[in-house]
Amino acid sequence: MNILKNKITLNLPIIIVMLVLGVVSYYTYLSYQRYITVQNSTKLFFLLEKVESVLYEIESERMNSVSYLVTQRKSDLDKLKETRDTVDLALIGLNRFVKHNNAYAIYSKQMKLITMELNHVRKDVDDVSADYRNIFFHAYHSKIFESFLEILKDISTAQKSELIKSYLSMYTKYTELRENSVLENTSIYSVLLGSRKMSDTDIALWKQFIGKDILPPFNTLADSTVALKLKELLSVEEFNTIISEERDMILYEARKGEYSVSVMGWENQINKKMDYFTQVQSLLHTEIQKIEQEYISSSRMDMIKYGVGILLLLLLLLRLFVIYNKKDKDRQISEDTLKDIELVFNENQQKEIKRLIESGKVDHIYKFLIQAIKDANQTKDLFLANMSHEIRTPLNGIVGFTNLLKETDDKEEQAEFISVIEKSSANLLTIVNDILDFSKIKAQKIELESIEFDPVDSFEAAVESYAAKAAEENIDFNIFLDPQLPTLLIGDPTKISQIIVNLVSNAIKFTSKNGEVNVSIEKVSENRDEVEVKFEVSDTGIGITKEQRKNIFDAFSQADVSTSRKYGGTGLGLSISGRFVELMGGKLNIWSVKDEGSSFYFTLILIKPETARRREVVDMSSYTVGILNPHIDEEYYINKNLESYIAYTGAKIERYTEESLLASRDSSKLPDILFIDNKFRHRGDEIKQFLDFDTKIVLMSTGDQKRNLKRYKSRIDRILYKPINFTKTLKALSDQEDLSETEKKITFENVHVLVAEDNLINQKLILNVLNRLGVEVSIANNGKEALEHRMENEYDMIFMDIQMPVMGGMEATGNILSYERHNNKTHTPIVALTANALVGDREKYIGAGMDSYLSKPIQLEKLNVLLQEYFEDRIVEGEA
């Protein structure tokens, strides 16, 4: 049963069994339909009985009608009425049977016509009509009996069984023969009862009846045994001798009207024939019923056989599905194992272990795993050594410059030392965040947000943070953020920004002085529901070889060992970024040439909300904007990013070289706004010659040139610090005030908070931070003290550390909430203040009753936003 060991080959028997099951089910359905049809046909026996009963009763009514018309005695009329009642009851029974059986419901209309004709002929009888021929031959025979005969013939034709059809055909012939005898009887009975002479017409009609009084041939029956039984009942010769003498005598005496054959004698002979007809019909009834029962039994057995077949096939299919599900579970376990393997092994290792698992070579798998464990331990040791170096580097800076800071009173030195400490702290925090992100990825705990955001606002701010670093290295740092992007998109702006920041950080780190780093975020396509966006960060840095590109996205990996030694870093940034891009449905790619530069790029499809609109700007189609060649070359260097931003406003763009611009100084062809790049014009007075033009001057420069540009500030309308983005360009083109230049300092008044924190340094830090914001602070050393302080005082807010001695923050929060609830106290907002910053921590603390969450180290911006949210009415603004 090797076929059952493989899930794919297992599909074949399942498909075969399902096909066979379908075929057997089809034949089971056909056998069921045949069984139902046969079962319905068994009602033919009952229909014949009821039709036969009605015809017998009508025969009696016809004879009693003859008696009444001849004698017109009241006793004969009473007898006739009783017979009519019996006929009506039989008709009602037949009608009910026909209506309640779908196979015979089509005859309901004929039954109504029969009943109507019967009422008409009865009326003629009651009126003592002398028109015997119309009553007995036209009405009773043609209108009533012929209708019944038509029903019998129709039923016989509809039969599928040839045997039953032959029996019904014979039954119909005997019914016609019986009717012929009834017609003869009514005719002769009226003559004998009234001692009436017979006219030539009467005699001719009688001879017609005699001529039809012939038994049908028995050999027409499909079953010779039944034909033999009919012969045994009465031979043809015996049948022909019945009533033959009486016929001769009556015919001889017909002209005189005096008959030696009595009414009683005639009836005795006729009844012999009628008894014979009844025996034949009964015999045919019985044979039809036998055949029907045989068909029912046969159909039932066929249906049972097919039913058993279906049951066996279903059991087999169920068994196959059980095996299939087991294989599927095994496959799922295997896939889960392979997913776990993906978290541990690199791409080449994954391919190898999959190959070994499929081959089933257990000893080779063991050898591979042993080697993988050795490699992992070696990687771990290298990582720990690297992390030790990376963490110690900023820590040394923090510790060393902190000691120097304590020993100096010089303001400039203090500022310089603080700057170094800040940068070292930021580097240390970046390292810790990278390790945390990597651990979340490994644990598959990364959760993506799906929120609305403005791509211009979100991504410009992310890139801007690296402007100072680029300026320090004299790197030309440019960003193009497509203005064609809609105003709103749905996605995870934080993760996308983190990817961009990682790529920009790497680009600047690996690009030498006077190099170039370009960030491009461009719309690829757009439809009603989605926008495809391409993100790219390129540089003119060291580049990497084709071989090095294979492992560039692996954790703890850089181009080579010397790279990490020279440039530093954890080697996690690209691994984290690559995984983030994959989670968002894209793939991080790289193009690179050794010693020429690299380009990292990926494409994401982001949802476009219904509220998204095309980005609207001030219409500047009536303005001309000039751009001075940023390079001092003969060939004009086009600033594509800047020109794209300006073109989006509708303004006309003019390109100038130094010569063409100086030549236009005194003409009326000067642009309304002139953009000048300060990069090659910051030595001496190179910029002065362009500042007295009678137009709006916008100078593009870097942050490190602020001090040098102060002397020209009054002659420059606006200074744009690189990177030049869409928002800065719009502000430069319009007269919007740069809010960053007039930033307001926000403080608060009449705000008293309680800080529960067990670490003395953290106490001093948050005390100073909050005091600078105008907030009054009380300190509790643990959760128990925090509870006691809350019970004794009223606070506007409580900052609650989570991990504290005596009583932790979660327990303290629960006790404070319980105290407030039982004493009908107004709730004091509680903010979780903790170094626990993993996925789900925020939700855990909010679920425990806390109102908000801040992670350590505290980010002043987030703290400020939180305080503004709760104490908007207590804000005091002043100059920064």
Y845 side chain to I802 backbone, donor-acceptor under 3.5 Å: no
Can you tell me if S458 uses its side chain to pair, donor with acceptor, with the backbone of P455 under 3.5 Å? no
Quick check: closest heavy atoms across F477 and A470, and the distance to 0.1 Å? CB-CB, 3.7 Å
Is it the case that the side chain of K728 and the backbone of P723 share a donor-acceptor pair, with hydrogens and angles ignored and the cut-off at 3.5 Å? yes
Distance-only, no hydrogens or angles: does the S592 side chain make a donor-acceptor pair with backbone N or O of I544 under 3.5 Å? yes
Side chains of E516 and T540: any donor to acceptor distance under 3.5 Å? no
Rounding to 0.5 Å, atoms CD1 (I676) and CD1 (I719) come to a distance of 11.5 Å
Show the numbers, then the answer: is there a salt bridge (Lys or Arg N to Asp or Glu O under 4.0 Å) between E616 and R613? CA-CA 8 Å; E616 295 182 2; R613 298 290 181 269; over 6 Å; no
Taking all heavy atoms of Y636 and all of T657, pick out the closest pair and write down the distance. CD1-CG2, 4.5 Å
May I have the step-by-step check of side chain to side chain contact (heavy atoms under 4.5 Å, CB included) for K523 and V531, ending in yes or no? CA-CA 7 Å; K523 182 180 79 173; V531 179; 3.8 Å; yes
Between I508 and F510, does a side chain to side chain contact (heavy atoms under 4.5 Å, CB included) hold up when you go through it step by step? CA-CA 6 Å; I508 292 174; F510 295 113; over 6 Å; no
Answer whether the closest heavy-atom distance between the side chains of D492 and I451 falls below 4.5 Å. no
Which value, rounded to the nearest 0.5 Å, describes the distance between I724 atom CD1 and M700 atom CE? 6.0 Å
Are I627 and I653 side-chain neighbours, meaning at least one heavy-atom pair lies under 4.5 Å? yes
For G491 and P493, the nearest pair of non-hydrogen atoms, with its separation, is O-CD, 3.3 Å
Establish, for the pair K495 and F580, whether the NZ or CZ atom is under 6.0 angstrom from the six-membered ring centre and no further than 45 degrees off its axis. yes
Before giving the answer on side chain to side chain contact (heavy atoms under 4.5 Å, CB included), spell out for T729 and L642 the whole-Å C-alpha distance, their side-chain angles and the decisive distance to 0.1 Å. CA-CA 7 Å; T729 305; L642 180 61; 3.9 Å; yes
How long is the straight-line distance from CG of N641 back to CG of N478, given to the nearest 0.5 Å? 6.0 Å
For atom NZ of K469, is the number of surrounding heavy atoms from other residues, nucleotides or ligands below 6.0 Å larger than 12? no
Sequence-distant partners of D801, salt bridge (charged side-chain N to carboxylate O under 4.0 Å, His left out), two or more places apart: K856
Side chains of N725 and V463: does their closest heavy-atom pair fall under 4.5 Å? no
To the nearest 0.5 Å, what is the distance between CZ on R718 and CG on L733? 9.5 Å
Value for OG (S701) from CG (L720), rounded to nearest 0.5 Å, stands at 10.0 Å
Going by heavy atoms in the side chains, are E530 and L606 under 4.5 Å from each other? no
Evaluate the side-chain proximity of V831 to Y853: yes if any heavy-atom separation is below 4.5 Å, no if none is. no
Looking at Y721, is its backbone amide N or carbonyl O close enough to the side chain of T702 to form a donor-acceptor pair, meaning the two atoms are under 3.5 Å apart? no
Just verifying a value: how many Å separate N506 CG and D539 CG, rounded to the nearest 0.5 Å? 9.0 Å
Which atom names give the shortest non-hydrogen contact between P609 and E452, and what distance separates them? CB-OE2, 3.5 Å
CA sep, side-chain torsions, deciding dist, call: S599, S538, side chain to side chain donor-acceptor pair (under 3.5 Å): CA-CA 4 Å; S599 176; S538 59; 5.0 Å; no
Heavy-atom closest pair (E449 atom, T494 atom, distance to 0.1 Å) is OE1-OG1, 3.8 Å
Would you say S644's side chain and K640's backbone share a donor-acceptor pair under 3.5 angstrom? yes
With a 4.5 Å limit on heavy-atom distance, are the side chains of Q859 and L854 in contact? no
Aromatic contact between F480 and Y645, with the criterion being ring centroids under 6.0 Å apart: yes or no? yes
Evaluate the side chain to side chain contact (heavy atoms under 4.5 Å, CB included) criterion for residues N518 and V537: first the C-alpha distance (whole Å), next the side-chain angles of each, then the deciding distance (0.1 Å), finally the verdict. CA-CA 6 Å; N518 294 297; V537 177; over 6 Å; no
Where the side chain of E460 meets the backbone of F726, is there a donor-acceptor pair that is under 3.5 Å apart? yes
Heavy atoms, side chains only, cut-off 4.5 Å: are I673 and I697 in contact? no
Just jot down the side chain to side chain contact (heavy atoms under 4.5 Å, CB included) partners of K534, sequence neighbours excluded, or say none. V524, E536, Y601, T603
Where do S577 and N502 land on the side chain to side chain donor-acceptor pair (under 3.5 Å) test, with the steps shown first? CA-CA 7 Å; S577 299; N502 276 337; 3.1 Å; yes
For a quick check under 3.5 Å, do N514 and N474 share a side-chain donor-acceptor pair by atom type? yes
Between F459 and F453, is the ring centre distance below 6.0 Å? yes
For the residue pair I499 and M584, establish whether any side-chain heavy-atom pair is separated by less than 4.5 Å. yes
We want to know whether T487 and D454 form a side-chain donor-acceptor pair, criterion being a heavy-atom distance below 3.5 angstrom. no
With sequence neighbours left out, what residues match E643 under salt bridge (charged side-chain N to carboxylate O under 4.0 Å, His left out)? R655
Donor-acceptor check, side chain of K608 to backbone of P486, threshold 3.5 angstrom: yes or no? no
Taking I521 as the fixed residue, which of V533, V456, D482 is the one that meets the side chain to side chain contact (heavy atoms under 4.5 Å, CB included) rule? V533
